[in-house]
Structures are given as structure tokens and as C-alpha cells.
Undergrad: 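Let me begin by handing over the structure; questions about it come next.
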2 protein chains.
Amino acid sequence: MNVKGLCLAILFRGDTTGYDIRKASSEGDYSYFAEASFGSIYPALNRLEAEELVTCRLEPQEGKPARKVYSITDAGRQAFLEELSQPPKPDVFRSGFLLVAIYAKLLGPKVIEKALDLRLEQLNEELNCMTECKDKCSPDETNYDPLIAAAGEWTRRYGAHVITASIAYLKENRAQLMAIANGELPIDLSGKLAV
Amino acid sequence: MNVKGLCLAILFRGDTTGYDIRKASSEGDYSYFAEASFGSIYPALNRLEAEELVTCRLEPQEGKPARKVYSITDAGRQAFLEELSQPPKPDVFRSGFLLVAIYAKLLGPKVIEKALDLRLEQLNEELNCMTECKDKCSPDETNYDPLIAAAGEWTRRYGAHVITASIAYLKENRAQLMAIANGELPIDLSGKLAV
DNA sequence: AGGAGCATGTAAGCTGTTACATGATTTC
DNA sequence: GAAATCATGTAACAGCTTACATGCTCCT
């Protein structure tokens, strides 16, 4: 999804600012859909306003620049749902960790150990985000809808299940990968891959 | 990883052409690390050659343009492993499916059904790639190394495990998501997220 | 006869990032 | 006193995709 779609998706659940859109996309939930920086979000919001898919109101603050709070319009909602109804692009998984793992022998135990720790840390953070940040994927309380909340809950449970499986496998098999990095051969290559 | 790194990664396991690098990155294994089109691969290979990280030999063919077969140099190997030794960027997962799932109620059962089927199909394809395309992540037979093959095997087993967990969850819980899309409420929202 | 696959390459254009500019407030 | 957070925005640049150009072979 592009930055415009990302903004609409986040505005769908409630009014917010460009600043907070960036936070949701790079740190919070919604980091599973797209990531964007200020340099792309602010221009995108201006374009969306010109196309009347969002509106904007100024909220002055003391000492800080006025917050520009955006709201999605009906046309915006419609455009967003229409885009979502198209067959989605295949999900994307890009793993720096897997690439490092493939070259375990050449990179050596120090690099592999660090990569394993980092990946486990990242997975635990993601799991936290899934289990603790409840309701972040559902709209704010003013327009709470139990069905939309349920869909968010379903999605988080799904994510949590996959992440948990990933963590478990990593913990159980990290010794094997470390052995390879150390120049030992712990895996029987003759057998079929047993899932 | 950028296109140059992708080319080096693929050339690391054996000589090949720009055409085949694109195939490996968009269809085969290595699609887990980066994807690239001809428009970026060919210029990248030229730049790599200018930097003497790869060499190139022409293999004439009848009726077709001569294949430009690239080989990685020692400097290329060194540059690649050095890049890999840096702390890797966090793994990225971008899911069009999860986004659709969150808006299940608003998109309706038809869209959700199609998205579920598509996602399951994609996951099964990925699993196939993991289990059937054995040895694709290891170098060709001329410079076979059991430790490098073992690392590839470890990586594929890891991938297969996670994909299997994902498929199992989707199959078990698709009825729940369909219920939400149909306007029913099958999930107890009062309880904590149970993994 | 038409389309897919093989094989390379260029040019225009889109999208997004990085770095900068501004400036007050809060935290260490 | 320095750094982080809040809050917006612009300009230069990097990187990549899309579309095109070329042309032969194999399959249906």
C-alpha cells in the first residue's frame, strides 16, 4: 500500500495528525501495512485534502505549531474500501535474518549469535504489540463497533499465533544454527525436509 | 537489501545471468530478501562490474542475444560478507491480507472469502517452494559445501515451520472471520488475548 | 497465427527517503 | 546543558518500476 492508502486506513478509525500517522505506521500497529516518513506523509495529506478525501481543521497550541487534525470524508471512506475490495497484492516477507542464516558458516558464530538475539528481541516486541496494544486496530470509543473490534481481535490473535510459532522454533533450534556457524554439522541432509 | 546486494547474494552461490537473477528474486528462493526488475538489475550488474566486485563473460547463443554470465570476485565476496556482518535491518512483514481482515465487517463476506482463499493459496505455494526446491539456497555442485547446505536446510525448515503454523491457524479460524464479515459476533472480546 | 519464454538494455517518471529548517517544552 | 518529544514543512536525491525496443524459438 502507498502512503495515501496508509493515511486513509489510519484516519478510518478516527481523526488524527500527520505526526501521529507516522507513529502508527513506523512503531505502532499499522506497521504491518506500510511504513512512511514525514517527507511523504505531509505531502500525501495535502493531496488527499485537495481530492476531498479528507478534511482538515487547525487546533492551535501554545508554544507549538498548530496541530492539523485530519478527518476522513465519506468519499474518502468509499475510495478506501473500494481499493481494499480489489484483490490484494501478495503479502511480503523480507528477512535480513534468513539471509544471514544461510551464510552462517561464512559469517561465523559471533555474527550469528548477534543476529539470533536481535531477531528474538524483535519478535518479542512484535508479540507485545499484538497482546498489549489491544483495541489499537479498532476505532476510538466515540464510534465503537463490536464487529470492527472483533475483526481487530481476530487479526491480533492470528499474528500472535504465527509470531509465537516463530519464537518457539528459533529457541528450540538456535543451537543447531550456532553449531553450523562453529563448523560442526548437526543436520542430517539425507532425509527429506520434515515439517 | 538493495539490488546490488541481491545480485551479490545470488552470484555468491554460483555464476548466473541478469535474467536468472530476476527469476530467483521474484519467483524462486531469494524472494525473501529483495525483489527487483530488469530495469534495476542490469544497471546494477554494470555498476558492480565497474567496481570489480563481479566479472562478466559472454556466452554466444544461436538466435538469442549472447548471455552475459557474471561471476563474483574475491573482492565481491568480501564486500558482501562485510555488509552481512553489519547488524541486519529488522525483518519486514507487510500484509495486505491482515489489512483486509481488519475491515472484514465493512468489506463483506465475498471480499473476505476471496482474500482468505488467495492468502491460503499463496502460503501453500511458499511452503512448496520451501520443501521441494531443496538445495536452491546452496551453491551448485561444483563447489558443494555440506555446511553451507546445512545452513540452507536450517533456513528452509524454519520457514516451513512458520508457514505451516500460519496455514493451520487460518484453516481453523476462517469460519470466525467469515462470521464477522456476515455480521455475527463469534469472538468473546471481554477476555484477554489467548495465544 | 499468436503467445510465452529467452535475453538484453534504455528512458521517463513515480515514490519515497534523507537532511535540513524552525522552535518551544520536557526530561536526564 | 544536552537530548528527546512535539509539530510542521521543503528540496535534493536515490532507487526502483513501467514501458518500450529488439528479435529469435518453441509450443499450441
Side-chain angles (χ1 to χ4, degrees), chain A residues 1-11 15-28 30-31 33-51 54-71 83 89-90 92 94 96, chain B residues 1-11 15-28 30-31 33-51 54-71 83 89-90 92 94 96:
Chain A
M1 213 181 24
N2 57 17
V3 178
K4 268 164 72 174
L6 172 74
C7 291
L8 287 180
I10 292 177
L11 287 170
D15 298 356
T16 189
T17 65
Y19 191 87
D20 286 327
I21 288 176
R22 196 205 127 263
K23 266 209 336 207
S25 85
S26 64
E27 295 159 35
Y30 281 83
S31 57
F33 313 124
E35 194 173 343
S37 59
F38 292 127
S40 54
I41 288 173
Y42 288 124
L45 286 170
N46 286 329
R47 263 179 292 145
L48 285 171
E49 201 185 357
E51 295 168 25
V54 305
T55 58
C56 173
R57 62 174 188 278
L58 278 172
E59 282 189 1
Q61 300 178 113
E62 281 175 32
K64 297 176 197 168
R67 296 173 49 163
K68 295 177 79 171
V69 180
Y70 290 90
S71 309
E83 206 197 301
K89 289 182 192 165
V92 171
R94 291 286 139 71
Chain B
M1 209 179 26
N2 56 18
V3 179
K4 267 165 74 174
L6 172 75
C7 291
L8 287 179
I10 293 177
L11 287 170
D15 298 356
T16 189
T17 65
Y19 191 86
D20 285 328
I21 288 175
R22 198 205 127 263
K23 268 208 336 206
S25 87
S26 64
E27 296 160 36
Y30 281 84
S31 57
F33 313 125
E35 194 174 342
S37 60
F38 291 129
S40 55
I41 288 173
Y42 288 124
L45 286 170
N46 286 329
R47 263 180 292 145
L48 285 171
E49 200 185 358
E51 294 168 26
V54 305
T55 57
C56 173
R57 63 174 187 277
L58 277 172
E59 282 188 2
Q61 298 179 112
E62 281 175 31
K64 296 176 197 168
R67 290 165 45 112
K68 293 178 79 170
V69 180
Y70 290 89
S71 309
E83 206 197 301
K89 287 182 195 169
V92 171
R94 291 286 138 73

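Chain letters run A, B, ... following the sequence lines, proteins first and then strands; every chain starts at 1. Computed from a prediction, not measured in an experiment: that's the story for all the values here.
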Undergrad: On DNA chain C, check which nucleotide each of Lys4(A) and Asp20(B) is closest to and give me the residue with the more 5' one.
TA: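 Its nearest nucleotide being more 5', the pick is Asp20(B).
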
Undergrad: Out of curiosity, Arg22(B) CZ to Phe38(B) CZ, how far, rounded to the nearest 0.5 Å?
TA: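 With rounding to 0.5 Å, CZ (Arg22(B)) is 4.5 Å from CZ (Phe38(B)).
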
Undergrad: Nearest whole Å is fine: how far is dA7(D) C1' from Lys23(A) NZ?
TA: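 It is 12 Å, rounded to the nearest whole Å.
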
Undergrad: Of all heavy-atom pairs between Ser25(A) and Leu6(A), which one has the smallest distance, and what is that distance?
TA: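 Where Ser25(A) meets Leu6(A) most closely, the heavy atoms are CB-CD2, 3.6 Å.
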
Undergrad: Whole-Å distance between dT15(C) C1' and Leu45(A) CG?
TA: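 Nearest whole value for this atom pair: 16 Å.
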
Undergrad: Does Tyr42(B) make a side-chain N or O approach to OP1 or OP2 of dG9(C) shorter than 4.0 Å?
TA: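 No.
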
Undergrad: How many angstroms lie between CG in Asp20(B) and OH in Tyr70(B), if you round to the nearest 0.5 Å?
TA: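 Interatomic distance, Asp20(B) CG to Tyr70(B) OH, rounded to 0.5 Å: 12.5 Å.
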
Undergrad: Between Leu58(A) (CG) and dT8(D) (P), how many Å, whole number?
TA: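 After rounding, the reported distance stands at 10 Å.
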
Undergrad: With respect to the side chain of Pro43(B), which nucleotide from dT10(C), dT5(D), dA7(C) is positioned closest?
TA: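 Selected nucleotide (nearest to the side chain): dT10(C).
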
Undergrad: Measure from CD1 on Ile41(B) to P on dT8(C) and round the result to the nearest Å.
TA: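 Computing the Ile41(B):CD1 to dT8(C):P distance gives 10 Å.
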
Undergrad: On the nucleotide dA7(D), are OP1 or OP2 found under 4.0 Å from the side-chain N or O atoms that Gln61(A) carries?
TA: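 Affirmative; the distance criterion is met.
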
Undergrad: Reckon Ser37(B) has a side-chain N or O less than 4.0 Å from the OP1 or OP2 of dC16(D)?
TA: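 Result: no.
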
Undergrad: Would you compute the distance between atom CD of Glu83(A) and atom CG of Leu8(A) and round it to the nearest 0.5 angstrom?
TA: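 Result: 7.5 Å between the selected atoms.
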
Undergrad: Check the distance between dT8(C)'s P and Arg57(B)'s CZ and give it to me in whole angstrom.
TA: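 So the CZ-P distance, Arg57(B) to dT8(C), works out to 12 Å.
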
Undergrad: Tell me the interatomic distance from Ile21(B), atom CD1, to dA7(C), atom P, rounded to whole angstroms.
TA: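 It is 13 Å, rounded to the nearest whole Å.
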
Undergrad: With the side chain of Pro65(A) defined as its heavy atoms from C-beta on, choose the nearest nucleotide among dG16(C), dT8(C), dG23(C).
TA: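 From the listed options, dG23(C) comes nearest.
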
Undergrad: How would you label the contact of Glu59(A) with the nucleic acid (heavy atoms, under 4.0 Å): base, sugar-phosphate, or nothing?
TA: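 The residue Glu59(A) makes no contact with any strand.
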
Undergrad: Which of these nucleotides, dG9(D), dG16(C), dT10(C), is closest to any side-chain atom of Val3(A)?
TA: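 In terms of side-chain proximity for Val3(A), the closest of dG9(D), dG16(C), dT10(C) is dG16(C).
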
Undergrad: From C-beta outward on Tyr70(A), which listed nucleotide comes closest to its side chain: dG9(D), dG9(C), dT5(D)?
TA: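 My answer, after comparing the listed nucleotides, is dG9(D).
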
Undergrad: Respond yes when some side-chain nitrogen or oxygen of Lys68(A) is under 4.0 Å from OP1 or OP2 of dG9(D), and no when none is.
TA: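 Checking Lys68(A) against dG9(D): at least one side-chain N or O falls below 4.0 Å of OP1 or OP2.
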
Undergrad: Measure from the side-chain heavy atoms of Tyr19(A) and tell me the nearest of dT17(C), dT8(C), dA7(D).
TA: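 Selected nucleotide (nearest to the side chain): dA7(D).
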
Undergrad: For dT17(D), does OP1 or OP2 lie under 4.0 Å from any side-chain N or O of Ser40(B)?
TA: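 Yes, because at least one side-chain N or O of Ser40(B) sits under 4.0 Å from OP1 or OP2 of dT17(D).
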
Undergrad: What are the two closest non-hydrogen atoms of Ala36(B) and Val3(B), and how far apart are they?
TA: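 Nearest pair, atom of Ala36(B) first, then Val3(B): CB-CG2, 3.9 Å.
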
Undergrad: Glu35(B) has an atom CD; how far is it from atom C1' of dC16(D), in whole Å?
TA: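 Whole-Å distance recorded here is 11 Å.
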
Undergrad: Would you mind reading off the distance between Phe38(A) atom CZ and dT17(C) atom C1', rounded to a whole angstrom?
TA: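 In whole Å, dT17(C) C1' lies 13 Å from Phe38(A) CZ.
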
